[in-house]
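Ligands are counted one by one from 1 in listed order, and the atoms in each one are counted from 1 as well.
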Amino acid sequence: MADMINVMQPSLGERELAAVGKVFASNWIGKGEQTSTFEAGFAAHIGVGRDHVTSVNSCTEATFIAMELAGVGPGHEVIVPTPSFVGVGNAVASRGARLVFCDVDPRTLNPTVADIEAVITPRTKAVVILHYGGSPGEVALIAELCRSRGVLLIEDAAVAVASTVDGRACGTFGDMGVWSFDHGKTLCTVDGGMLYVRDPELATRAPKLAYFGLEQKSGYDQAMRARTRWWDFDVSSFSRRSVTNDVLAAIGNVQLSRLPGFIARRREIAGCYDAGLKGLEGLLTPPPLPAGHESSYYMYWVQFEGGIRDEVARDLYERGIYTTFRYPLLHQVPAYGSSASLPQAEEAAARTLLLPMHQALTDADVERTIDALHECVTARLSEATVPRMRVAQRSI
Ligand SMILES: *Cc1c(COP(=O)(O)O)cnc(C)c1O
């Protein structure tokens with residue numbers, strides 16, 4: 001269709017192209033100066049020391065490395081909210097640990113501190129939470145709980161690149177944090193990720209795990225002085241190659257400078273949706289952010305009464321508007337072998353739909369989406385099998 005409205009979309013343009021051109025011309029495209037600048041810039045952006053971040057080729061890879069650094073293994077349990085990204089489930093399962101899924105608040109789709117506490121056992125090694133849609137959630141309280149129970153907290157901040165609580169960046173409340181810069185994320189390097197590690201000693205291991213566990217004996221100059229060879233090495237762990245490169249980092253450096261503008265536009269769009277959808281019967285907009293919380297506005301989610309979500313999604317698609325639902329519940333993925341029943345998450349997963357949200361949306365796109373929702377919801381509700389009265393009275 002000619003003018004489909006995307007649900008998510010990157011903003012890459014002339015400035016990124018020019019930066020990539022410079023890297024091509026330099027003849028050094030591997031991990032180098034641009035990557036170093038990107039790591040330093042990102043560390044400053046999230047307010048941590050430069051030596052605590054490692055840039056890698058995806059957020060999923062960062063999560064796998066985090067699991068290894070955390071020492072997660074057989075006999076351990078790792079708590080994951082059921083609406084989580086599949087890569088997190090795989091990172092835990094691949095270590096031979098048991099995935100323990102927890103429920104979430106049905107309106108925010110973030111786990112509460114009580115949801116986490118309910119499933120902590122003496123075998124719990126770590127908790128991996130995400131910040132749904134970019135909303136921080138109860139991360140500060142969850143970090144406190146984890147600390148008091150001797151459990152590691154890893155934050156999947158993939159969609160929380162600019163989310164904060166009282167000025168502190170999401171991803172830095174726990175022991176480790178991971179971010180994504182893939183094709184769908186707000187800050188996009190085409191593909192890429194970042195890993196933050198709080199513990200200084202563990203933080204020095206992260207870059208090695210991202211590069212074959214390589215222990216280079218010395219550089220050129222050192223080897224020249226010592227009259228030894230600079231190509232000798234040893235390995236400290238049998239690791240993969242998870243590093244990124246200067247072509248992608250150059251894009252990242254431009255994107256980082258554009259990030260405040262992206263977030264401002266997304267906040268504006270969320271405000272338009274809030275205003276335009278307020279009072280539409282049968283539809284709930286996201287709950288307001290608590291005081292002191294800042295979102296990245298990565299997703300704008302609405303929730304439907306009357307079991308009409310799937311029909312409305314199809315109606316919108318026919319009108320040229322893409323929507324989706326993230327994240328399909330992991331406790332219902334057969335391979336993870338969970339028998340849990342998590343009623344609040346299940347209810348939320350049946351009602352929630354993500355509307356188009358990205359910084360390139362025009363005011364006209366947003367209006368078109370709002371108008372279409374008014375029409376589709378009203379039409380579908382009037383034919384819904386759920387009696388009107390009950391719909392009006394129910395709240396979630
Ligand atoms: C996109 C995403 C990831 C994975 O990021 P990649 O860089 O594609 O590996 C992880 N978690 C969440 C919540 C995501 O949205």
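Residue contacts with ligand 1: K185 is included, with a non-hydrogen atom under 4.0 Å away. Taking a 4.0 Å cut-off on heavy atoms, Y298 fails to register as neighbouring ligand 1. At a 4.0 Å cut-off, not a single heavy atom of S84 sits close enough to ligand 1 to count as contact.
Cation-pi check for R241 over F212 is not met; the charged atom does not lie both under 6.0 angstrom from the ring centroid and within 45 degrees of its normal. A cation-pi arrangement, defined by a distance under 6.0 Å to the six-membered ring centre and an angle within 45 degrees of its axis, is absent between R326 and Y132.
Within the 4.0 Å heavy-atom criterion, both parts of C59, backbone and side chain, lie near ligand 1. Only side-chain heavy atoms of D156 come within less than 4.0 Å of ligand 1; its backbone N, CA, C and O stay farther off.
Remark: ligand 1 atoms within the under-4.0 Å shell around heavy atoms of G192 are 7 (O). For ligand 1 and S58, the ligand atoms under 4.0 Å from any heavy atom of the residue are 7 (O), 9 (O). When each atom of ligand 1 is checked for a heavy atom of A158 under 4.0 Å away, the hits are 2 (C), 3 (C), 10 (C), 11 (N), 12 (C), 13 (C), 14 (C). Applying the 4.0 Å criterion to heavy atoms of V159 picks out, from ligand 1, the atoms 15 (O).
Look at R380 and E311 and you find no salt bridge, because none of the NZ, NE, NH1 or NH2 atoms lies under 4.0 Å from a carboxylate O. Salt-bridge formation is not detected for the pair E68/R205: no Lys NZ or Arg NE/NH1/NH2 atom is positioned less than 4.0 Å from an Asp or Glu carboxylate oxygen. Using a 4.0 Å cut-off between charged nitrogen and carboxylate oxygen, E268 and R265 count as a salt-bridge pair.
The single protein non-hydrogen atom nearest to atom 9 (O) of ligand 1 is T60 OG1, 2.6 Å, given as residue, atom name and distance. What sits closest to atom 8 (O) of ligand 1 on the protein, heavy atoms only, is D182 OD2, 2.6 Å. Ranking the protein heavy atoms by distance from atom 15 (O) of ligand 1 puts Y327 OH, 2.7 Å first.
A perpendicular orientation is assigned to the rings of F42 and W179, their planes being inclined by more than 60° (bins at 30° and 60°). Using cut-offs of 30° and 60° on the angle between ring planes, the pair Y300 and Y273 is tilted.
Among the atoms of F85, none of the N or O lies under 3.5 angstrom from an N or O of ligand 1.
Using modelled atom types and a 3.5 Å distance limit, the side chains of T112 and E138 yield no donor-acceptor pair.
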Q.
Please evaluate residues R267 and E294 with respect to the criterion side-chain contact (heavy atoms from CB on, under 4.5 Å), reporting the C-alpha separation (whole Å), side-chain torsions for both, the decisive distance (0.1 Å), and the verdict.
A. CA-CA 10 Å; R267 184 182 298 116; E294 283 293 340; 3.4 Å; yes

